[in-house]
Protein chains: 2
Amino acid sequence: MDDNKVFKALADPTRRSLLDSLCDANGQTLGQLCTAMDMTRQSVTQHLALLEGANLISTTRRGREKLHFINPVPLHDVYERWVRKFETARLGLLHDLKEQLERNDE
Amino acid sequence: MDDNKVFKALADPTRRSLLDSLCDANGQTLGQLCTAMDMTRQSVTQHLALLEGANLISTTRRGREKLHFINPVPLHDVYERWVRKFETARLGLLHDLKEQLERNDE
DNA sequence: TTGACATGCAGTCAAATACCTGCATATTTA
DNA sequence: TAAATATGCAGGTATTTGACTGCATGTCAA
């Protein structure tokens, strides 16, 4: 998995909104996703391509339609491999900060 | 908290690297953070400003030095309010995908 | 088969981004 | 106080990004 692609894909509110929409109703077509997205179909397509590149969605065709499915695995991986690291260090870091601020007051 | 600022701040590998560095050694000065970052001090400053704007780090001054401390709270909030939603839906969505692909094969 | 529908692809363009240089300010120390 | 050190601030610029238009391709249905 490419961490950077996932983070970049999540950086845009439009793309997060698309993921939200798919979370509500998985397997939507491009056209369906467009109706909620105040922009042209072509722009939405570009965003979806980025999400697909980050493996956050996968697609399949049914006739002339393209169906979009959310893939939560990269999100989970990012959390496990990156976010959690900072979670666990939480208390210690806050303690460090407190100590540092007090030293600063001397 | 501003979700968008957090996501945008995390989108850049340099900034994630800075957070990593602070996770290893919290409370580093700007100069210390720069030594590991193959770029000018001014560029690092800009990245740090973005991280601070997203509340991912907080700073304090000690004399002429500026100390940087990581703040894991926004990361935790983003996880709780955004990522977890997709986590919990995981099995159902994969099931949907399987079903959809099978329907496509008919 | 032809018209309507769903999507794909190429190119344009303005705004945002991420670097940089140059200079200013504040603090420590000899 | 003067020099060295640490950081702040103001632009400049090349690249990336995110939107658009226009046209092409593929599929369904009458």
Side-chain angles (χ1 to χ4, degrees), chain A residues 2-22 25-54 56-69 100 103-106, chain B residues 2-22 25-54 56-69 100 103-106:
Chain A
D2 186 338
D3 276 7
N4 198 44
K5 280 188 182 178
V6 176
F7 279 110
K8 292 224 168 190
L10 294 176
D12 187 274
T14 299
R15 290 191 287 271
R16 291 199 303 279
S17 176
L18 285 167
L19 288 180
D20 270 330
S21 180
L22 286 177
N26 208 19
Q28 291 182 68
T29 67
L30 172 59
Q32 287 174 320
L33 287 168
C34 284
T35 59
M37 289 299 140
D38 193 28
M39 63 177 59
T40 64
R41 175 181 55 82
Q42 287 84 346
S43 298
V44 175
T45 300
Q46 287 186 330
H47 285 297
L48 289 170
L50 261 171
L51 288 170
E52 193 168 5
L56 284 163
I57 62 175
S58 52
T59 62
T60 183
R61 299 202 65 129
R62 186 175 55 191
R64 62 186 164 182
E65 292 175 317
K66 186 174 188 178
L67 306 177
H68 300 76
F69 297 87
Q100 194 62 60
R103 200 190 315 171
N104 195 40
D105 287 340
E106 283 167 10
Chain B
D2 186 339
D3 276 6
N4 199 44
K5 280 188 182 177
V6 176
F7 279 111
K8 291 226 168 189
L10 294 175
D12 187 272
T14 299
R15 290 192 286 272
R16 290 199 304 278
S17 175
L18 285 167
L19 289 179
D20 270 331
S21 180
L22 286 177
N26 208 20
Q28 291 182 69
T29 66
L30 171 60
Q32 286 174 321
L33 287 169
C34 284
T35 59
M37 288 301 138
D38 194 29
M39 63 177 60
T40 64
R41 175 181 54 79
Q42 288 83 347
S43 297
V44 175
T45 300
Q46 288 184 330
H47 285 297
L48 288 169
L50 261 172
L51 288 170
E52 193 167 5
L56 284 163
I57 62 174
S58 51
T59 61
T60 182
R61 298 203 64 129
R62 185 174 55 190
R64 62 185 165 183
E65 292 175 318
K66 186 174 189 178
L67 306 177
H68 300 77
F69 297 88
Q100 193 62 59
R103 200 188 316 171
N104 195 42
D105 286 339
E106 285 167 10

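Every chain is numbered from 1, with letters handed out A, B, ... down the list of sequences. Keep in mind the model is a prediction, meaning the values are calculated, not measured.
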Base of [N] paired with side chain of [X] (donor-acceptor, under 3.5 Å):
| X | N | result |
| --- | --- | --- |
| B:Arg64 | D:dT7 | no |
| B:Gln42 | D:dG11 | no |
| A:Arg41 | C:dG8 | yes |

For [X] and [N], what is the distance between atoms [atom1] and [atom2] respectively, to the nearest whole Å?
| X | N | atom1 | atom2 | answer |
| --- | --- | --- | --- | --- |
| B:Leu48 | D:dT7 | CG | P | 10 Å |
| B:Arg15 | C:dA16 | CZ | P | 15 Å |
| B:Met39 | D:dA14 | CE | C1' | 15 Å |
| A:Leu10 | D:dG18 | CG | P | 12 Å |
| A:Met37 | D:dG18 | CE | P | 15 Å |
| A:Leu33 | C:dA6 | CG | P | 14 Å |
| B:Lys5 | C:dA16 | NZ | P | 15 Å |
| A:Arg62 | D:dG26 | CZ | P | 21 Å |

Please confirm whether the shortest side-chain N or O distance from [X] to OP1 or OP2 of [N] is below 4.0 Å.
| X | N | result |
| --- | --- | --- |
| B:Ser43 | C:dA18 | no |
| B:Arg61 | D:dG8 | yes |
| A:Lys66 | C:dA6 | no |
| A:Lys8 | D:dT16 | no |
| B:Thr14 | C:dC19 | yes |
| A:Thr40 | D:dC20 | yes |
| B:His47 | C:dC19 | yes |

Euclidean distance, A:Ser17 OG relative to A:Asp38 CG, rounded to 0.5 Å: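 A:Asp38 CG to A:Ser17 OG: 11.0 Å, rounded to 0.5 Å.
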Could you state the interatomic distance from OG1 (B:Thr14) to CD (B:Gln46), rounded to the nearest 0.5 Å?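 The CD atom of B:Gln46 is 11.5 Å from OG1 of B:Thr14, to the nearest 0.5 Å.
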Pairwise 5' ranking along DNA chain C for B:Asp38 and A:Leu30, keeping only the more 5' one: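 Result: A:Leu30.
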Determine whether B:Thr59 and B:Leu30 make a side-chain contact, defined as any pair of heavy atoms from C-beta on separated by less than 4.5 Å.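 No, their side chains stay 4.5 Å or more apart.
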Determine whether a donor-acceptor pair (N or O, by modelled atom type, separation under 3.5 Å) exists between the side chain of B:Arg16 and the backbone of B:Leu10.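 The answer is yes, because a donor-acceptor pair under 3.5 Å joins these two groups.
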Comparing A:Asp12 and A:Glu65 on DNA chain D - which has the more 5′ nearest nucleotide: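 It is A:Asp12 whose nearest nucleotide is closer to the 5' end.
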Please report the shortest heavy-atom distance between A:Ala9 and A:Arg15, naming the atom on each side.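 It is O-NE, 2.8 Å.
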